[in-house]
Engineer: 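Quick one: the structure is below, questions incoming.
Residue numbering restarts at 1 for every chain, and letters A, B, ... go by the order of the sequence lines.
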2 protein chains.
Amino acid sequence: MASYSCRSREELCLEREKLLARYEELKKENLKLDMSRGKPSKLQLDLVSDMLEVLTDPAQCQIEGNDCRNYGDLAGLKCAREYWADVLGCKPEQTFVGGNASLSLMHDLIARAYTHGLNDSPKPWCQEEKRKFLCPSPGYDRHFRITELYGFEMIVIPMTPDGPDMNMVEELVQDPAVKGIWCVPKYSNPQGYSYSEETVDRFANLKPAAPDFVIMWDNAYCVHEFDGVFEPFRDIISLCAEAGRPNMVYEFASTSKITFPGAGISVMASSEENIAYQLKLISVQTISYDKINQLRHVKYLKNREHTIELMKRHATIMAPKFEMVLWILRHQLTNKGIAHWHHPKGGYFVCVAAMPGTAKRTLELCKQAGVTLTEAGATYPYGIDPQDSMIRIAPSLPPVEELEKAMHVLCTSLRLAAIEKILE
Amino acid sequence: MASYSCRSREELCLEREKLLARYEELKKENLKLDMSRGKPSKLQLDLVSDMLEVLTDPAQCQIEGNDCRNYGDLAGLKCAREYWADVLGCKPEQTFVGGNASLSLMHDLIARAYTHGLNDSPKPWCQEEKRKFLCPSPGYDRHFRITELYGFEMIVIPMTPDGPDMNMVEELVQDPAVKGIWCVPKYSNPQGYSYSEETVDRFANLKPAAPDFVIMWDNAYCVHEFDGVFEPFRDIISLCAEAGRPNMVYEFASTSKITFPGAGISVMASSEENIAYQLKLISVQTISYDKINQLRHVKYLKNREHTIELMKRHATIMAPKFEMVLWILRHQLTNKGIAHWHHPKGGYFVCVAAMPGTAKRTLELCKQAGVTLTEAGATYPYGIDPQDSMIRIAPSLPPVEELEKAMHVLCTSLRLAAIEKILE
C-alpha cells in the first residue's frame with residue numbers, strides 16, 4: 001500500500017472508517033493498560049528475589065574490619081565500590097556508592113553545584129547570571145526536571161543514531177554559560193541508540209569554555225541488553241583524563257533494573273579529585289548510605305561477569321515484549337509514511353517518531369481506549385516536543401498478551417491521528 | 001576534701017603529683033579507646049539482627065495493592081507512614097518516610113529552603129541578604145554543620161535543664177533574618193535534658209517575624225530511655241497547629257539507634273500542606289526511598305508499643321555503661337568545684353561542664369593516653385566553645401570494662417587540667 005500522504009481523499013476516508021470501526025471494538029474491551037514508565041515486571045522482580053535471602057546472618061556484617069550495620073564508610077563499603085568499579089571499568093577510588101536512586105545522586109550533584117559549585121567552579125552556579133544546559137532530545141524527562149528545577153535554560157540537541165549532534169554540542173560549549181549536558185550513552189532513553197566510538201571520543205575531547213562544565217553520563221543501561229550479547233563500553237572517566245579534563249565527567253548507574261527498582265544501590269563515579277571534593281559536602285548530608293543493602297547486593301551480584309549472566313535471564317523476559325512491540329509496529333505502520341523508529345538491542349524503551357503534529361492526538365485516542373503511555377512531550381525539556389511527534393513506549397511492565405492489545409490501540413490511534421492531520 | 005580553688009598552692013602541687021603518677025600509669029596501658037560518637041555497640045546490633053530474617057519471601061512484598069520491590073510511593077509505604085505516625089503521635093498523612101539517615105532529611109530540607117524556599121517563604125533563602133539560625137548549645141555538631149554549609153550566622157542559645165533559654169528565643173525571633181532553630185526536645189544531645197512542658201508550649205506559640213521560620217524538631221531520642229519507664233512526649237505538630245502556625249515545625253526521627261545505624265529508616269513529619277509542598281520538590285530528587293527496608297522495619301518493629309519493648313532491651317545494655325560513667329564522675333569529681341553534669345535518663349550522651357578554659361587541655365591529655373572523645377568545641381556552632389568547658393562523653397560503643405579505663409583517663413586528665421589552670 002502507498003504512503004498515506006500519496007493516497008486520495010477518498011482512499012483515506014475509507015481507511016479512516018475501517019480504523020474507526022476497529023478502534024471502537026478495541027474500546028469495548030474496557031482496557032486499563034499502562035506502558036508509561038520503564039518499570040520492570042513482576043516476573044523480573046521474582047527472578048531476583050532470592051536476593052532477600054543472601055544476608056540473614058549477622059556474622060556476615062563483619063567485613064573490612066568494620067561492622068556494616070553501624071555508622072561509617074561515607075563513600076560506601078569497599079566491596080561495593082569494587083563491584084561498581086568492575087561494572088563500569090573505572091577504579092574503586094573513583095566511585096561513591098549511593099542509595100536506591102541514582103536519580104538522587106544526579107539531583108544532589110546539580111543541587112550542590114548550584115549552592116556551592118563543583119570542583120573547578122569559579123563560583124556557585126546560583127550566582128551565575130545565566131545558566132544553560134544541553135539536553136539531547138528526545139531524552140529522559142527526569143533529567144530535564146532537575147535542570148528545570150534549578151533554573152537552567154535547557155537547549156535541545158537533536159539525537160542521531162550515533163548519539164547527540166556533536167557539531168552542535170562542540171559549538172554550544174563555547175558559551176561559558178553552558179554548564180553541562182545530559183547523556184545516556186548506551187541504549188539512550190527513549191530511542192535506544194548507543195553512542196558511537198567517535199561520539200564518545202568527541203565527548204572526552206570537548207573543550208568547553210566553562211571550567212566547570214559537566215558531562216552527566218547516566219549509564220543507566222550499561223549491562224541491559226535484551227537482544228544479543230553484552231556490548232562492551234569504554235570508561236569515559238579515563239578517556240576524559242587522557243584528554244586532559246579528568247574532572248569534566250560524572251558517571252551514574254544503579255541496580256534499579258538489575259535487582260529491585262524500589263530497593264537497589266547506585267553509584268556516582270568521577271575523578272578521585274572530584275569524589276574527594278564531593279565527599280566533603282556529602283559528609284554534611286549523611287554518614288553513609290545503607291551499607292547492609294550494599295553488602296546484600298555485592299553478595300548477590302558478585303561482579304560484572306555474574307551480573308551480565310543475570311541480565312541474560314532478564315533478557316529472556318524482556319525480549320519477547322520488545323519483539324511483540326516491534327512486530328506490531330512493523331506490521332501496522334510500515335510503508336505508510338507516518339512513523340519511523342529504531343530497533344534497540346537493549347534499554348527499556350522503543351521510541352516512535354510519528355507524523356509531526358500527531359503525537360498528542362494519538363495519546364489522547366489511546367487514553368480514551370484505556371491505554372496510558374508516557375505523556376506527549378515528556379521526552380523534551382519543559383515537556384514540549386516542538387514537532388509533537390515523539391511517542392515513548394515502555395514495554396517492560398505489562399505481560400505480553402496485554403502489550404499486544406495496547407500496541408493495537410496505539411497503532412490504530414496513530415493511524416487515525418495521521419489521517420485526521422492529512423485531511424485537515 | 002575541699003574544692004580545688006580553695007586549696008593552697010602546696011596542696012594542689014601535691015595533688016598534681018599524685019595525679020601525674022596515676023596518669024603515667026594509665027598511659028602505660030597503651031589504651032586505644034573511643035568515646036567520640038554515639039554509636040550503638042555490637043551487642044545492641046546483635047540484639048536486633050533477627051530483623052535480617054523477617055522479609056525473605058517475595059510474596060510479602062505485595063502490599064497495599066502494590067509491589068514494594070518496584071518504583072513508586074514517593075512518600076513511603078502506607079504501613080511505614082502509619083508506623084511513624086504511631087511513634088510520633090501525629091497523622092500518617094503528615095509523614096514522609098526517608099532512607100537510613102534523618103540527617104539527610106534535615107540537610108535536604110534546609111538545602112531546598114535555600115534553593116527554593118519553604119511553603120511560606122517570600123523568596124528562596126539564598127536570596128535573603130542575611131540568614132540567621134538559632135543554635136541551642138551545647139548541641140549536635142552535625143546540625144550546626146548544615147546551617148554552616150548554607151551560610152547562616154549561627155547564634156548560640158544557652159541550654160537550661162528545661163530546654164533552650166526561651167526568653168532569648170522569643171526575643172531573637174523578632175528579627176526577620178532569623179529563619180529557624182535546631183531542637184533535640186527529648187534527651188538533648190549532649191546534655192540529656194528533656195524540654196519542659198512550658199518550653200514546648202512556648203515553642204508552639206512562637207510568633208517569629210519570618211513567615212517561614214522553621215523549628216527543626218529532631219526527636220532523635222524519642223523512645224530512647226535507658227533508665228526508668230518510657231516518658232511520653234507531646235505531638236509538636238498538632239501543638240503548632242492549635243497555636244495557629246501549623247507550618248512552623250518539621251519533626252525528624254529515625255531507627256538508627258533502634259535497629260541499624262547503617263541501614264535504618266527515617267521520617268520527616270509536618271503539616272499536610274508542608275508535606276505536599278515538599279513532595280513536589282522531592283519528586284525531582286527521587287522516585288521513593290528504599291521501600292523493602294521500610295517494610296522490613298514495619299514487620300520487625302510493628303508499632304510504638306512493640307518498639308518501646310525493644311528499647312527496654314537496648315536499655316539493659318546501655319544502662320550499665322551510663323551507670324559506670326556517672327559513678328566514676330561522681331567518685332572522681334564531686335566536691336572539687338571543677339566540673340558538673342546532668343544525670344540523663346535516656347539518649348546517648350553525658351556532658352561534663354569542666355572548669356572554663358580546661359576542655360581542650362583535658363582532651364589533649366586524654367588523647368595522649370589513648371582515649372578519643374568528641375573534639376572540644378564540637379558541640380558549639382563553628383566548633384568554638386566560648387568557655388572551652390563542654391566535654392561530651394559517648395558511652396554506648398565500648399564495653400563496660402574499657403569504658404571504666406577510659407573514664408579514669410578522662411577524670412584524671414580533667415583534674416590535671418584544672419590544677420594547671422588554677423596554678424597558671
Engineer: If you tally heavy-atom pairs under 4.5 Å against chain A, which of B/P261, B/A59, B/C126 wins?
Structural biologist: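 Ranked by contacts with chain A, first place is B/P261.
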Engineer: What part of B/I282 is in contact with chain A, defined as an atom under 4.5 angstrom from a non-hydrogen atom: side chain, backbone, both or neither?
Structural biologist: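 Contact with chain A: none, neither part.
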Engineer: Which region of A/I110, side chain (C-beta onward) or backbone (N, CA, C, O), has a non-hydrogen atom less than 4.5 Å from a non-hydrogen atom of chain B, or is it both or neither?
Structural biologist: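 Contact with chain B is absent: no heavy atom of A/I110 under 4.5 Å.
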Engineer: Across chain A and chain B, going purely by atom type as modelled, what donor-acceptor pairs are there at a distance under 3.5 Å?
Structural biologist:
residue, atom, partner, partner atom, Å
B/P40, O, A/N70, ND2, 2.8
B/D46, OD1, A/R69, NH1, 2.8
B/D46, OD1, A/R69, NH2, 3.1
B/S49, OG, A/R69, NH1, 2.7
B/R69, O, A/G262, N, 2.8
B/R69, NH1, A/D46, OD1, 2.8
B/R69, NH1, A/S49, OG, 2.7
B/R69, NH2, A/D46, OD1, 3.1
B/N70, ND2, A/P40, O, 2.8
B/Y71, OH, A/K257, NZ, 2.9
B/N100, ND2, A/S288, O, 3.0
B/S104, N, A/Q285, O, 3.1
B/S104, OG, A/Q285, O, 3.0
B/D108, OD1, A/Q285, NE2, 2.8
B/H116, NE2, A/L149, O, 2.6
B/R145, NH2, A/S283, OG, 2.8
B/L149, O, A/H116, NE2, 2.6
B/K257, NZ, A/Y71, OH, 3.0
B/G262, N, A/R69, O, 2.8
B/G262, O, A/K291, N, 3.1
B/S283, OG, A/R145, NH2, 2.8
B/Q285, O, A/S104, N, 3.1
B/Q285, O, A/S104, OG, 3.0
B/Q285, NE2, A/D108, OD1, 2.8
B/S288, O, A/N100, ND2, 3.0
B/K291, N, A/G262, O, 3.1

Engineer: CG of B/L45 to SG of A/C61: how many Å apart, nearest 0.5 Å?
Structural biologist: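 The distance works out to 8.5 Å.
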Engineer: Looking at B/L55 and A/L52, what are the two nearest heavy atoms and their distance?
Structural biologist: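 Scanning both residues, the minimum pair turns out to be O-CB, 3.7 Å.
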